[in-house]
Enquirer: 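My questions all concern the structure below.
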Amino acid sequence: MAVERIPSGFLTGLRAGDVTPGTVQVVEVDGRSLCIGLTEDGEWGAIDNVCTHDGGVLGEGELDDNAVECPRHGGRFDLFTGRVLALPPVRPVRAYETRVEGDDVVVEL
Amino acid sequence: MPVEHRVDVLLIGGGVASVRCARTLRRRKFAGSILIVGDEAVLPYNRPPLSKELLRGDVGLELIAAEPASWYERQRVDLLTDAPVASLDPDARLATMGDGSTIRFSQCLLATGAEPRRLTIPGAEHALTLRTFADAEAIRRAAASGRRAVVVGGGFIGVEVAASLAALGVEVTVHELAPALWGGVLGTTLSAWAVGVLNESGITVRLGEAVSSLDDVRADLMVTGVGVTPRVALAEAAGLAVDDGVVADAGRRTSAPGIFAAGDVARVDGRRVEHWHAAREGGEAAALAMLGELLPEPRAPWVYSEFAGHLLDVVGWAPTFDDELPLLGGHVVAYLVGRRVEQLAIIDSAVSVDAARTLVAGSPSPADVERLAS
């Protein structure tokens, strides 16, 4: 799928209805692997997809409130800031502003 | 008159199994009341960091909490800390607390965990053990002013504690009774690698030597890590089937209807796996069974350890094996029963641990394991 740069960000290829509230999923944007999520409260967020502890795939983990949980060892990151919320990781991941434009999910890289 | 409470689901034990059970119940839209009772004074927390990040640095409890403090209110999960259960009546579905109050429940999870075995040799009373947050803090305090440490027991906890103490600049000697680390259950190949890693960190490892006394040991700090005993007293007194743990099936159902068991205290289908993953998966399985939902396919056991900058994953189950075979340049060790691989040790995520876990459940050949690399 061609990734399109639109004036205000990158199209993720996801439509707003593609993601179930309270879940995260993996999406590739401009060669970067992201963990993109939609909270139960309807807020979108995206962080780098790779856990800084041992490379776990965050987009295959669980989302609870704003916390993304790595499926490997249970490390948790804030979906909106990338901050570590639970060990074992100690280094944060990068976070990307995410929003819906029209029906498209767009991230700022 | 003593207070009587009534809940739909009572989770006994303030650890990961209970929290994971509650979390799964709520994620599955269970609307009934949930109460966790634990006998520690703090919020339920993950124990793996106790021997690692928490020993090495000043990490607050909030970073190891199983769920943040706000979660309990948000998810309507009640929590009683510092609240030991005195007895359990499975027929009446009634728990009596240490303070005499009673809790009636519809379903109950026993997740009372395990406690460190204590050595009975002279001087052992001066040694510390590691199980709780408070234990970890005590070891860290002693390490801050100590120069020499002796660790008795070269199992998962002993190896991790030794590596963390060495990272703090403490001179450490590890004593393991068996001729190989981990009591020999992971063979000699992996042990030889780990001894090398520990030696490089400045740790002295003594294998195959019994420690007969700790009285004459010249050390500022002694830690014993010689295994744990499941805390089965409550279950035993309640008349549940107990055999090195509370006997449970894949749905963590015990011999008493409505009573489930998970985590370190549970012996599930003949195996008691003392590990964080097993506690989480056990809590989740119990929640599904409580709801009458389909259980996931059982997966091979998975434990991990982390020391001196290395990550070790062990998947599968081979308490005894016929042969151990280094594969993939020595980064994976296969444990063979007959000609089939029943367990794999993986160093530093050399192959996908999840894929290895799936593969090993089917008793693969060594060649199948080699193919994991691609």
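We name chains A, B, ... by the order of the sequence lines, and we start the count at 1 in each one. Every value quoted in this text rests on a predicted model; they were computed, and no experiment measured them.
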Enquirer: At what distance, to the nearest 0.5 angstrom, does CD of Glu62(A) lie from CZ of Arg27(B)?
Expert: 4.0 Å

Enquirer: So which of Gln75(B), Arg280(B), Lys52(B) has the biggest tally of heavy-atom pairs under 4.5 Å with chain A?
Expert: Arg280(B)

Enquirer: Could you tell me which portion of Glu62(B) (side chain, backbone, both or neither) has an atom closer than 4.5 angstrom to a non-hydrogen atom of chain A?
Expert: backbone

Enquirer: How about Leu311(B) and His73(A): do any of their side-chain heavy atoms sit closer than 4.5 Å?
Expert: yes

Enquirer: With a 4.5 angstrom heavy-atom cut-off, is it the side chain or the backbone of Asp354(B) that approaches chain A, or both, or neither?
Expert: neither

Enquirer: Examine whether an atom of Arg72(A) lies under 4.5 Å from a heavy atom of chain B, and if so say whether it belongs to the side chain, the backbone or both; otherwise answer neither.
Expert: both

Enquirer: Examine whether an atom of Arg26(B) lies under 4.5 Å from a heavy atom of chain A, and if so say whether it belongs to the side chain, the backbone or both; otherwise answer neither.
Expert: neither

Enquirer: Given a strict heavy-atom distance threshold of 4.5 Å, which part of Leu85(A) is in contact with chain B: side chain, backbone, both, or neither?
Expert: backbone

Enquirer: Identify the two heavy atoms, one from Arg76(A) and one from Pro68(B), that lie closest to each other, and give their separation to 0.1 Å.
Expert: NH1-CD, 4.0 Å

Enquirer: Roughly how far, to the nearest 0.5 Å, is the CG atom of Asp65(A) from the CD atom of Glu67(B)?
Expert: 10.0 Å

Enquirer: If you round to the nearest 0.5 Å, how far is CG of Leu87(A) from CG of Leu63(B)?
Expert: 5.0 Å

